[in-house]
2 protein chains.
Amino acid sequence: MQVAKDTRQRGSADPMSCEGDEQGHPRPLGQDRYTISEVAEFTGLSAHTLRWYERIGLMPHVDRSHTGQRRFTNRDLDWLALVGKLRLTGMPVADMVRYAELVRAGDHTYPQRQALLEATRTDVLQRIAELQDTLSVLDHKISTYAGARCAPERTA
Amino acid sequence: MQVAKDTRQRGSADPMSCEGDEQGHPRPLGQDRYTISEVAEFTGLSAHTLRWYERIGLMPHVDRSHTGQRRFTNRDLDWLALVGKLRLTGMPVADMVRYAELVRAGDHTYPQRQALLEATRTDVLQRIAELQDTLSVLDHKISTYAGARCAPERTA
DNA sequence: CGCTTGCCTGGAGTGCACTCCAGCGTCTTA
DNA sequence: TAAGACGCTGGAGTGCACTCCAGGCAAGCG
């Protein structure tokens, strides 16, 4: 399990790549091969989590050094950035795995991927609306407390 | 554990109450004493969850009928509505319990409650910003898929 | 050469927020 | 008054998303 030569260098972030063209990371190093701990520090995920993501298929298979250590590319970093965004939306990991599978399956899954993202988009819009609603509730209560003239409600 | 007479009727939602004056529920029944299943249907929480909320101190102690069954009031419904909102913000249940404790502790905790809500508010604002950021990423990717002219990225 | 540091693996453990169960009592409608 | 729906309790179980562990390579250094 630790003999996978350092093969092809997967041309770094070419500006026309489709998965992972988000907004160009600060690119912590000029390099295109990061160790797991570099990626951990950079993404805020733990090394454990990164390995786990790979195990469950949420990462495309990551390159290995000649001794079997993971070497992440800029493309991997971009993918992780997308995953991070999707995670913020509350999308379950299983759904992200499904999306990753579609990506792995090839170009012919474009329509499904688009549909999935559009569903997510709808979701996000709704969540934003909910939060704004919540915000107004909070503001209301805060102003009540600010003008602290309020009957003792439920306190015996 | 099942002898708690139907005592005081805790004057229903008087318009100046401090906890739970959000936006007036559709008030499913004209009554002020609801069974657990009514509340479950109304809030979307399960009866299990309602009992659990009470156990962990997230509900003020709920009235009981003469046979020990729970009888929720409009005020309880209002409280649950607030809890629902806070839950949407991703606030951990433990924090909501802390807030509930402050409410139980009496009026002198107004400043802490206000601080807690303001922290939550900041949180919510940040989360909205994140989601809007995510939204723009999604829109970008969706439009990429829509104009489906995109190189075969990571698919062998 | 030995030591430290970093990384590897499969599998077990954790924390959160429920969710369900067994076994029992109560209420309602026929 | 009998049947079936509803409610009660403490405690065990579930699903998710990590998080940690033991035991073991491998590279760099004094």
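Letters go in sequence order (proteins before strands), and every chain restarts at 1. Note that these values count all heavy atoms, side chains included, but never hydrogens, waters or copies made by symmetry.
Ion pairing of R75(B) with D78(B) is absent here, as no side-chain N (NZ or NE/NH1/NH2) approaches a carboxylate O to less than 4.0 Å. Here E54(B) pairs with R70(B) in a salt bridge; the nearest charged N to carboxylate O distance falls below 4.0 Å.
What separates CD1 of I56(A) from P of dC16(D) is a distance of 11 Å, to the nearest Å. Here dC6(D) presents its P atom at 16 Å from CG of L50(B), a figure rounded to the nearest Å. Atoms CZ (F72(A)) and C1' (dG6(C)) sit 14 Å apart, rounded to a whole Å. The CE atom of M59(B) sits 17 Å away from the C1' atom of dA17(C) (whole-angstrom rounding). Atom P of nucleotide dC6(D) and atom CZ of R71(B) are separated by 13 Å, given to the nearest angstrom. The distance between atom CZ of R33(B) and atom C1' of dG7(D), rounded to the nearest whole Å, is 15 Å.
Where I36(B) and P92(A) meet DNA chain D, the nucleotide closest to each residue was compared, and I36(B) sits on the side nearer the 5' end.
Distances from the side chain of S37(B) to the nucleotides dC18(C), dG7(D), dC7(C) place dG7(D) closest. You'll find that the side chain of R70(A) is closest to dT9(C), out of dT9(C), dC18(C), dG25(C).
Side chain to side chain, D76(A) and Y34(A) fail the donor-acceptor criterion of an N or O pair below 3.5 Å.
Distances shorter than 4.0 Å separate some side-chain N or O of T35(B) from OP1 or OP2 on dG7(D).
Qualifying side chain to side chain donor-acceptor pair (under 3.5 Å) partners for R51(A), counting only residues two or more places apart in sequence or in other chains: none.
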Atom pairs under 3.5 Å: protein N/O with N/O of nucleotides 19-21 of chain C:
none

